[in-house]
Amino acid sequence: MAISGITHVILTGGVGSRLWPLSRKNLPKQYLELFDGESLFEKTVVRNEKFSNKTIVVGNIENYQLSDKSMSKFNKSYLHIVEAVPRNTAAAIAFAAFASEPEDILLITPSDHVIEGAELYQTALREAILLAEKDYLVTFGIKPTKPETGYGYIEFENEDVIAFHEKPDLKTAAGYLKEGNYFWNSGLFCFKARKFLTELKKQEPEVYWKSKKTWESNKGGLLDFELSLSIPSISIDYAVMERSKDIKVVPTYFDWSDLGSFESVYDYLVQKDHPIDENKNIVIGTSTHTTFIGVKNCILIYTSDALMVLQKENSQEVKKVYQQLEAIASPLL
């Protein structure tokens, strides 16, 4: 049963550059039907529909038709906010807040995360909603499973945030894991629309006023390019969450991944019984017989116009390949 006054805000702006060549500008990772025959976008909708009675999709001009196609599979109305140019998460969430009633609670979720453990997830949402009702800005910390260097961390005590920490080196991450009160910063949030806008206006007034002006000139949810371009591009973390005095964290224990690299995709697929050879090599994207000789922990990624082989541990370097292709305006993006 949906709870009155709770809006699920789905952020769909990510390109998934670390998952090239699977993820492309015209088909980012959240729309790939690689996950039990569903896309991550669809899984996100299903996972949160029990907790919301309204849905807002915030995307960009390049992917909004893919979002509409995914949403057509569900019998529900939604507001689609289409950004003419990406301006990062502070502005994206501001648009959703301006489009909502002031006392509406916004449950902010990226569209490209894997979350498993429904009961633990629902428990975390209930805790967050109770805190949001008390006018707190709520973030979710994910219990780390390894000393991960690709995520920021939240240092906390009970529900109180002590500090936010940038992506650490391996030694620091190992120390965080040992301490036990440093959780991954998930990109999930919960708060009242009014509370977020009040804090944004206080901390980043330029983002607030220019986002407000841009939203007020929208045409059917489509935002103006020139007005959008004037909005400073800044994340919600830097703009609000790391600077407000009214932050609470919900430490969570469900299985979570942002599938931000092929290493995390590898781990997910192997967990789902994806074929793997005796040296822990896997193939993604083709049923062509493939043999690996003399290598371990490798991933072969096949698409119709690109082939990539990488060592699982070097997955973060894929973004460099993407940037090199971007520099030459390659059609492969």
Side-chain angles (χ1 to χ4, degrees), residues 8-48 55-74 78 80-89 92 109-115 150 187 221-223 225 257-269 272 274 282-288 290 299-310 315-333:
H8 180 206
V9 179
I10 308 173
L11 305 180
T12 72
V15 176
S17 58
R18 289 181 179 86
L19 294 188
W20 183 89
L22 281 185
S23 184
R24 308 290 182 102
K25 285 184 177 178
N26 64 352
L27 191 64
K29 65 174 178 175
Q30 57 266 34
Y31 305 105
L32 297 170
E33 295 183 352
L34 285 178
F35 312 96
D36 306 323
E38 290 182 306
S39 69
L40 294 175
F41 183 104
E42 291 162 27
K43 284 181 172 293
T44 302
V45 174
V46 171
R47 184 164 57 243
N48 293 282
T55 303
I56 296 176
V57 179
V58 186
N60 59 54
I61 199 72
E62 292 185 326
N63 70 10
Y64 78 98
Q65 291 175 319
L66 294 171
S67 294
D68 283 338
K69 184 179 177 182
S70 294
M71 288 300 294
S72 70
K73 299 180 182 181
F74 303 95
Y78 63 100
H80 203 163
I81 298 173
V82 182
E83 295 179 291
V85 57
R87 304 315 290 159
N88 217 316
T89 50
T109 74
S111 60
D112 57 357
H113 290 185
V114 169
I115 292 175
L222 183 63
L223 304 180
F225 178 82
S257 174
D258 70 346
L259 291 188
S261 69
F262 275 111
E263 183 171 13
S264 55
V265 172
Y266 175 105
D267 292 340
Y268 175 82
L269 292 176
K272 294 291 184 180
H274 188 85
I282 71 168
V283 176
I284 300 174
T286 181
S287 57
T288 301
T290 306
I299 311 170
L300 183 147
I301 300 102
Y302 175 90
T303 68
S304 62
D305 59 357
L307 186 67
M308 184 167 65
V309 180
L310 73 150
S315 293
Q316 294 294 337
E317 295 176 29
V318 175
K319 189 170 186 179
K320 295 178 185 175
V321 178
Y322 186 94
Q323 290 168 338
Q324 289 165 0
L325 293 169
E326 198 169 37
I328 60 171
S330 172
L332 292 172
L333 299 182

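One-based numbering along the sequence shown.
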Undergrad: Could you check if a side-chain atom of Tyr64 sits within less than 4.5 angstrom of a side-chain atom of Thr12, using non-hydrogen atoms only?
TA: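 Tyr64 does not reach Thr12 side chain to side chain.
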Undergrad: How many angstroms lie between atom NZ of Lys43 and atom CG of Leu40, to the nearest 0.5 angstrom?
TA: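 Spacing of NZ (Lys43) from CG (Leu40) equals 8.0 Å.
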Undergrad: Any donor and acceptor pair, going by atom type alone, linking the side chain of His80 with main-chain N or O of Leu222 inside 3.5 Å?
TA: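 Checked: no pair found.
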Undergrad: Taking the side chain as C-beta and beyond, is there a heavy-atom pair between Leu66 and Gln30 under 4.5 Å?
TA: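 Not in contact.
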Undergrad: Looking at residues at least two apart in the chain, or sitting in another chain, which of them share a salt bridge (Lys or Arg N to Asp or Glu O under 4.0 Å) with Glu317?
TA: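 For Glu317 there are no salt bridge (Lys or Arg N to Asp or Glu O under 4.0 Å) partners, ignoring immediate neighbours.
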Undergrad: Distance from Ser70 atom OG to Glu38 atom CD, nearest 0.5 Å?
TA: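 The CD atom of Glu38 is 10.5 Å from OG of Ser70, to the nearest 0.5 Å.
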Undergrad: If you take all heavy atoms of Trp20 and Phe262, which pair is closest and at what distance?
TA: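 Taking Trp20 first and Phe262 second, the nearest heavy atoms are O-CE1, 3.3 Å.
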Undergrad: Are any of the side-chain heavy atoms of Asp112 and Phe41 separated by less than 4.5 Å?
TA: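 With C-beta onward as the side chain, the pair stays apart.
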Undergrad: Could you pull out the closest heavy-atom pair between Gly187 and Pro110, with the gap in Å?
TA: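 Smallest heavy-atom distance, with atoms named: O-CD, 3.3 Å.
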Undergrad: Can you sort out the partners of Glu33 under salt bridge (Lys or Arg N to Asp or Glu O under 4.0 Å), two or more places apart, ordered by chain and number?
TA: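 Residues passing salt bridge (Lys or Arg N to Asp or Glu O under 4.0 Å) with Glu33: Lys73.
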Undergrad: So Val283 and Tyr302, side-chain contact (heavy atoms from CB on, under 4.5 Å) or not? Walk me through it.
TA: CA-CA 8 Å; Val283 176; Tyr302 175 90; 5.6 Å; no
Undergrad: If we ignore angles and hydrogens, is there a donor and acceptor under 3.5 Å between the side chains of Tyr31 and Asn26?
TA: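 There is no such pair between these side chains.
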Undergrad: Can you check whether His8 reaches Thr109 side chain to side chain, under 4.5 Å on heavy atoms?
TA: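 Yes - at least one pair of side-chain heavy atoms lies under 4.5 Å apart.
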Undergrad: Quick check: do Ile284 and Ile299 have side-chain heavy atoms less than 4.5 Å from each other?
TA: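 The answer is yes; the side chains approach within 4.5 Å.
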Undergrad: With side-chain contact (heavy atoms from CB on, under 4.5 Å) as the test, would you mind laying out the steps for Ile81 and Ile56 before giving the verdict?
TA: CA-CA 7 Å; Ile81 298 173; Ile56 296 176; 3.7 Å; yes
Undergrad: Would Thr44 and His113 count as a side-chain contact (heavy atoms from CB on, under 4.5 Å) here? Give the steps.
TA: CA-CA 8 Å; Thr44 302; His113 290 185; 5.8 Å; no
Undergrad: Does a salt bridge link Glu62 with Lys25, judged by any charged N lying under 4.0 Å from a carboxylate O?
TA: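 Salt bridge between Glu62 and Lys25, a charged N being under 4.0 Å from a carboxylate O: no.
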Undergrad: Any side-chain to backbone donor/acceptor pair from Lys29 onto Leu19? Under 3.5 Å, distance only.
TA: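 Checking the backbone N and O of Leu19 against the side chain of Lys29, no donor-acceptor pair under 3.5 Å is found.
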Undergrad: Main chain of Leu11, side chain of Ser111: is a donor-acceptor contact present, judged purely on distance under 3.5 Å?
TA: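 Yes.
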Undergrad: Show, in sequence, the C-alpha distance, side-chain angles and deciding distance for Phe74 and Glu42, and conclude whether the side-chain contact (heavy atoms from CB on, under 4.5 Å) test is met.
TA: CA-CA 9 Å; Phe74 303 95; Glu42 291 162 27; 4.1 Å; yes
Undergrad: Taking Ser330 for the side chain and Leu333 for the main chain, is one N or O donor matched with an acceptor at less than 3.5 Å?
TA: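 Between the backbone of Leu333 and the side chain of Ser330 there is no qualifying donor-acceptor contact (under 3.5 Å).
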Undergrad: Quick one, Thr303 and Leu22 - any side-chain contact, counting heavy atoms below 4.5 Å?
TA: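 Yes - at least one pair of side-chain heavy atoms lies under 4.5 Å apart.
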Undergrad: In the structure I gave you, are the side-chain heavy atoms of Leu310 and Ser315 within less than 4.5 Å of one another anywhere?
TA: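 A side-chain contact exists here, since the closest heavy-atom pair is under 4.5 Å.
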Undergrad: Does any N or O in the side chain of Thr290 come within less than 3.5 Å of the main-chain N or O of Thr288, such that one atom is a donor and the other an acceptor?
TA: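 Indeed, once roles are kept as given, a pair shorter than 3.5 Å links the two residues.
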Undergrad: Less than 4.5 Å apart, any side-chain heavy atom of Ile10 and any of Tyr78?
TA: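 No. Closest side-chain heavy atoms not under 4.5 Å.
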Undergrad: Looking at CD of Gln316 and OG of Ser261, how far apart are the two atoms once the value is rounded to the nearest 0.5 Å?
TA: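 Rounded to the nearest 0.5 Å, the CD-OG separation comes to 5.0 Å.
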Undergrad: Judged by atom type as modelled, is there a donor-acceptor pair below 3.5 Å linking the side chain of Arg24 to the main-chain atoms of Leu332?
TA: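 Yes.
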